[in-house]
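Basis for what follows: all heavy atoms, side chains included, without hydrogens, waters or symmetry-related copies.
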Amino acid sequence: MNFFEEIKRLCKVRGITIDDLMRLIGKTGIPVYAGWRQRGCYPRADDFHKICNVLEVSMEHFFDDDKGIVVSDRMMNLVKKLDSLPEEDMKTLNNLTITQLRNLLTLAKSMQS
């Protein structure tokens, strides 16, 4: 079962439609979901976080071989930390450029020393 099949399954279990889910996360509905699926891409981090909240699962629920998102143990630990971030912090991270994100990570590493 891939990422999108799992979202459909969880919606069915929760008694909501994909359109309901998309409205609950503040998106325009099925066209956004269909666009993600057709392009083979995943939602932005803040949208992914909202989806998990609505479906009452952790972000890490989607990270295994059966659901199509496979990551290293190190990345899984990061996902666990991200899952506990407030929504505003997720939005802030999501709006960073790659360069800004790298600079932020460099700063965080230097602060750990």
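Here Ser58 pairs with Glu60, His61, Asp83 under the side chain to side chain contact (heavy atoms under 4.5 Å, CB included) rule; sequence neighbours left out. With sequence neighbours excluded, the residues forming a side chain to side chain contact (heavy atoms under 4.5 Å, CB included) with Lys91 are Asp46, Lys50, Glu87, Glu88, listed by chain and number. Scored by the salt bridge (Lys or Arg N to Asp or Glu O under 4.0 Å) test, Asp20 finds Arg23 as partners (sequence neighbours excluded).
Looking only at distances, a side-chain donor or acceptor of Tyr33 sits under 3.5 Å from a matching main-chain atom of Phe4. Arg39 places a side-chain N or O within 3.5 Å of a backbone atom of Gly35 that can act as its donor or acceptor partner.
To the nearest 0.5 Å, atoms CD1 (Ile7) and CZ (Arg37) are separated by 9.5 Å. Of the inter-residue distances, the one linking His49 atom NE2 with Asp89 atom CG reads 9.5 Å to the nearest 0.5 angstrom. Rounding to the nearest 0.5 angstrom, the gap separating the OG1 atom in Thr17 from the NZ atom in Lys12 is 13.0 Å. Distance check: Leu24 CG to Ile51 CD1 gives 11.0 Å after rounding to the nearest 0.5 Å. Rounding to the nearest 0.5 Å places NZ of Lys8 at 7.0 Å from CD1 of Ile18.
Between Phe48 and Tyr42, the ring centre distance reaches or exceeds 6.0 Å.
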Exercise for the section: Kindly determine whether Met22 and Ile25 satisfy side chain to side chain contact (heavy atoms under 4.5 Å, CB included), including the steps that lead there. Expected result: CA-CA 5 Å; Met22 299 309 290; Ile25 69 164; 4.1 Å; yes

Exercise for the section: Mind running salt bridge (charged side-chain N to carboxylate O under 4.0 Å, His left out) on Arg9 and Glu6 for me, showing each step along the way? Expected result: CA-CA 5 Å; Arg9 185 190 74 77; Glu6 180 64 5; 2.8 Å; yes

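With a 4.5 Å cut-off on side-chain heavy atoms, Pro43 and Phe3 count as touching. Side chains of Val13 and Leu55 form no contact here, defined as non-hydrogen atoms less than 4.5 Å apart.
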